[in-house]
Trainee: 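Let me give you the structure first, and then I'll get to my questions.
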Amino acid sequence: MTTSIAGKMPVGFLLRGGRFEHCSDQSGENRCGGKEAIPDRQSYLTRSNATIQRLSAISRSFNARATNWRLLPNLKSNHFPRLLSSGRFLYTQTSLDDSWTNNRELNIDLLFHSCTKTHHASRLHALLIILGKIQSLFISTRLVNLYANLGNISLSQQTFDQIQNKDVYTWNSMVSSYVRNGSHNDAVNCLYKMLKHQIKPDFYTFPPVLKACRDIKNGKRIHCLISKTGLEWDVYVAASLVHMYCRFGGFDAAYGIFTNMPFRDMGCWNAIISGFCQNGKGEKALEILNEMKFEGIKLDSVTVATILPICAQMEDMIKGRLIHLYVIKHGLESDLFVGNAFINFYAKFTELENSRKFFDDLPTRDLVSWNSIISGYEQNGNPNRALEFFHEMQKDGFTPDLLTLVSVASSIAQCGDTRGSKSVHGFVLRRYWFLKDVIIGNAVVDMYAKLGNVENARELFDRIGVKDVVSWNTMITGYGQNGLASEAIEVFQKMVETEHVTPNQGTWASIIPAYAHIGALKQGQKCHSTVLKTGLIPDVFIGICLIDFYGKCGKVKDAMSLFNEIPKSSSVPWNAVISCFGIHGHGETSLKLFKNMTDSGARPDSITFISLLSACSHSGLIEEGEQCFKVMEKDYGIKPGLKHYGCFVDLLGRAGELQKAYDFIKNMPLKPDGSIWGALLGACRIYGNTNLGKVVSEKLLEIDSGNVGYYVLLSNIYANAGKWEGVNSVRLMANEKGLKKTPGWSSVEINKKMEVFYTGNYSHPKCDEIYEKLEELTSEIKVVGYVPDYSFVLQDVEEDEKERILMSHSERLAIAYGIISTPPNTVIRIFKNLRVCGDCHNATKFISRVCDREIVVRDSNRFHNFKDGVCSCGDYW
DNA sequence: GTACTATTAG
C-alpha cells in the first residue's frame, strides 16, 4: 500500500465516551470517519490516571465479573489481555495470563509477535505508553517496524517522527519500512535526511536503499555514497549493488563488482544468479551456476528457488530433475521456498503428481504453496480439484489473496459455474482488489467471457481504470470466442486509438481469428503485414492463427507457405493446416499431411482427428474416414468423443449411407446428442429421405427441442417432397415454442470494409442497383441453362414469388453487390453464417460463368470455389 | 543482501 492511500485512512484507536474502539483495520475500511492521531506519549503519561479508569470501564464491559481493579498493577490476569485481544489474540492472552499470575515482567517480545492487524499494534502502542516503555529507543523503533510490517506506513512514519534522539538503527528501520511498503522515493529521501542529521549510515542502511532505486542514475549516486563510506566491499552491500546493476541491465558492472569482491558468501552468488535470472539472462545465470560448482560451492535453498523458474522457462526438464536429485541428496526438500518452486516447476511440465508430492511433504505451508498448487491444478485442466484445494486452504486458516482468486476465477470458468462466477466477482469487489491490480480485473473479465456472459465481461472491462494490453486482448478474445466478431473488431479499433497500449502477440492472436470468422481477408492481411513489420514472426501462436485465417479466407497457398515457416513442435499447427485443406475439399491432402505429421514424430490429439474426419467427410472419402476412426483409438489411444462420432455420421450420411449411419448411432457407446442426430437429419434432407427424416427428427426434438435449425431442416425435407401439410405442422410446432429462425446473412469485403446483407432485406443504400443487377443476371443465366429449384423455398406461394424469394437470399445479394462494386477479374469472397442454399449454389455456378468471375463462398460448413461454371465441391453443398 | 505464485492467445 502506498503512503498516499494509507495516509488518508484514519487508523489507530479512539478513546471516545468511555469506549475503546478501533476505527480501522488493514483493509482500510473506515468505520468512524473521525480524525485520528497516533497515541501521543506526553498526553498519555499526564492523563494516565483518567485513562486507566476508562480502560477499567471498558474491561468491565468485556468481562462482567471483573469489578475490583482500578490501577494497572492490580489488573487481573483475565482482564488486561481482553483489552488487547480482538478474537485472534489468544496467544497473547495466554502469555499475558502467565506473566500476570506468576508476577513476572510482561513478555513484550511475544506481544509484538502477536500483532497481526494495525489495531492490535495500536493497542500495544497504547499499552507501551501507559507502561512507560515507549521511552526506550529500542521499543519505539520496534513499533516503527511493526506498523510497517502490517502495511501501515503512515503510522510507522508518525511513530518515527515522534522519536527523539534517533540512532542509526531507528533510521535504518524507517528506510526499510519505506522500501517494504513500496515508498521508494521516501526511502531514498530518508537516507539523505539521515545524512543531514549527521548520522553515519552503516551496512544495514544501504541494501534497502539500493533496492529502492528506480533508475540507474539514482543507483550510481548511491554507489558513490557507499564508496565514500568505505562499505563497498561489505558482502551485503556488494551483493545489493550487484543486484541493483542487474535490474537496470548493467550486467557488466554487476559482474565486475562480483569478480572483484575480496570475499564472496552464498548470498553474493545468489544475488548475481538471481539478478541475471530475473532480467532475462537465464543462460548467463546457468553459466555462473557452473562457475560456482567449479569452485566447489554448494547450492543452497535460495539458489534452487532462483534457478528452477529459469529451467521451467527454458523448458529444460532435465536440469530441473537433476536439481531435484541434488535437493534430495542435500536434504533441502522440506525447505518452504524450494518446495514451492518445485510445485510450480512440475506443474509447468504437467507432472502434477510430483507437484502434489512436494506439496504434501512440506512441513509448513504458506500462501504461496497453496496458490501454487491451486494454480497447478487449474492450469492443467482440473478445475474441480483446484477448487477443492481452495476450500481446504481456507479450512486450514489461510486467507486467500489476489493471486488465489485469479486461479479460482479461471477454475470457475472452466467448470462452467455461472453462480460461482458471481461469488468470485463479489469476493473481489468487497476487498477492493480491482483497484489494486489489473491482473484480477482481467481474470474476472475472462471468466465472464468464457462463461458466455459477454455483457458482464464488457461492463467490468469498461470499469477497469488502467487497462493493460492483456485487458484489451482478453476482451477481444471474449467477443471472438462468443461469435461476436464485429464487437471484437470494434474493441480492437478502440485499442489501437488508445495511447500507451501497443498491440502485442496476444492481440494478434485474438483479432486475427475474429477477422477469419467473418472472412475479412484484406483487414487480416493488414494485421499480417503489421506483424511482419514489428518483427513478431516467427511467433508460433500468430503463425497458427494466420494459417487458420488464410485457410478460412480461401488462401490455401498462403496458409501452406506459412505452415512451412513455423516450427511444428506440437500438434496444433498440424491441426490448423489439416483442417484448412479439409474445408476446401482437399481431403487427400489432409490425409497426406496427417501422414507427414506422424512421420515427423508429432503426436496427433483429439482435435487432429476431428479435422481429419471432417476433411474425409467433405471429400466423400468413406473408407479413409473409417480407417481414421479405427486408428484413432487403436494406435493413438484417443477415445472418440461426441464430435468424432458426429463427423463420422456426417461422413456416412453425406455419402448416402443413411441406414448405416442410423445403425452406427444406435450402437455407439456414448449417448448421441443433438449434433449427431442433426448430422443425420441433414443427410436425410440431401437425399430426400422423408421417412428416416421423420424418425430422426422425433429423436432430435426429444433431446433438443429448442434448436430452430432442426425444425428448418425437417420442414425442408417436407417441402422437398411437396408435403406442405408437413411443412405447416413443423412451422406451427416451432411457433408454439416461440422459436425464431436465425436470420441468414452474408458478408462481402469491399474496400477493406465488410458489407453485410440479410436475406430479404431491402435497406441497403444500393438496394435498387443490386436487385436490378440480380434480375439481369437471372435472365442471363437462364439462357445458359439455369433452372430455379423452388424446393428451396419453404413458403407455399406462386412461382414468380418463389423466384423473388430465391433472388433475395443474402448470399445472392452479396454476390450481386460484389460484382457491381469491384473491377472485372477481381475474386469475390462471400461469407455466409448458415449453409448456402442449394439453388443459390447452382445459380452461382452459372453466374461465375457469365460474368467470368471467380466467386468464393464460405458458409458455416465448407468452402465453395466457383469458376467457369463449375464448383470445386461439385454439386454437393 | 539474494528466493517461490500472475491473467489473454490456436
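Lettering follows sequence order; numbering is per chain, from 1.
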Trainee: Walk along DNA chain B from 5' to 3' and tell me the first and last nucleotide with an atom closer than 4.0 Å to a non-hydrogen atom of chain A.
Mentor: dG1(B) to dG10(B)
Trainee: Please list every donor-acceptor pair under 3.5 Å in which a side-chain atom of residues 207-214 of chain A meets a protein atom from a residue at least two apart or in another chain.
Mentor:
{"residue": "Arg214(A)", "atom": "NE", "partner": "Ala212(A)", "partner atom": "O", "Å": "3.2"}
{"residue": "Arg214(A)", "atom": "NH2", "partner": "Lys211(A)", "partner atom": "O", "Å": "3.0"}

Trainee: Can you pull out the residues from residues 444-454 of chain A that lie within a 4.0 Å heavy-atom distance of DNA chain B?
Mentor: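 Within this stretch, Asp446(A), Lys450(A) sit under 4.0 Å of the strand.
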Trainee: With sequence neighbours left out, what residues match Val235(A) under side chain to side chain contact (heavy atoms under 4.5 Å, CB included)?
Mentor: Met261(A), Phe263(A), Asp265(A), Cys268(A)
Trainee: For Val572(A), answer base if it contacts any base atom (sugar-phosphate contacts may also be present), sugar-phosphate if it contacts only those atoms, and nothing otherwise; contact means non-hydrogen atoms under 4.0 Å.
Mentor: base
Trainee: Thinking salt bridges, do Glu351(A) and Arg321(A) make one under a 4.0 Å N-O criterion?
Mentor: yes
Trainee: Considering residues at least two apart in sequence or located in another chain, which fulfil the side chain to side chain contact (heavy atoms under 4.5 Å, CB included) criterion with Ile638(A)?
Mentor: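 Checked Ile638(A) against side chain to side chain contact (heavy atoms under 4.5 Å, CB included); matches are Ser606(A), Phe609(A), Met632(A), Tyr636(A).
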Trainee: What is the nucleic acid contact for Ala305(A), judged by heavy atoms within less than 4.0 Å: base, sugar-phosphate only, or nothing?
Mentor: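 Touches sugar-phosphate only.
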Trainee: Quick one: label Asp265(A) by what it contacts on the DNA or RNA (base, sugar-phosphate, nothing), any heavy atom closer than 4.0 Å.
Mentor: base
Trainee: For Phe276(A) together with Phe251(A), are the ring centres under 6.0 Å from each other?
Mentor: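 Under 6.0 Å, so yes.
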Trainee: Could you check whether Glu378(A) gets within reach of a base, just the sugar-phosphate, or nothing at all, counting any heavy atom under 4.0 Å?
Mentor: nothing
Trainee: Please tell me whether Phe359(A) and Phe389(A) form a close aromatic pair, meaning their ring centres lie under 6.0 Å apart.
Mentor: yes
Trainee: Please confirm whether the ring centroid of His425(A) lies under 6.0 Å from the ring centroid of Tyr448(A).
Mentor: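 Close enough - the centres of the two rings lie under 6.0 Å apart.
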Trainee: Glu459(A): what forms a salt bridge (charged side-chain N to carboxylate O under 4.0 Å, His left out) with it, not counting sequence neighbours?
Mentor: Arg463(A)
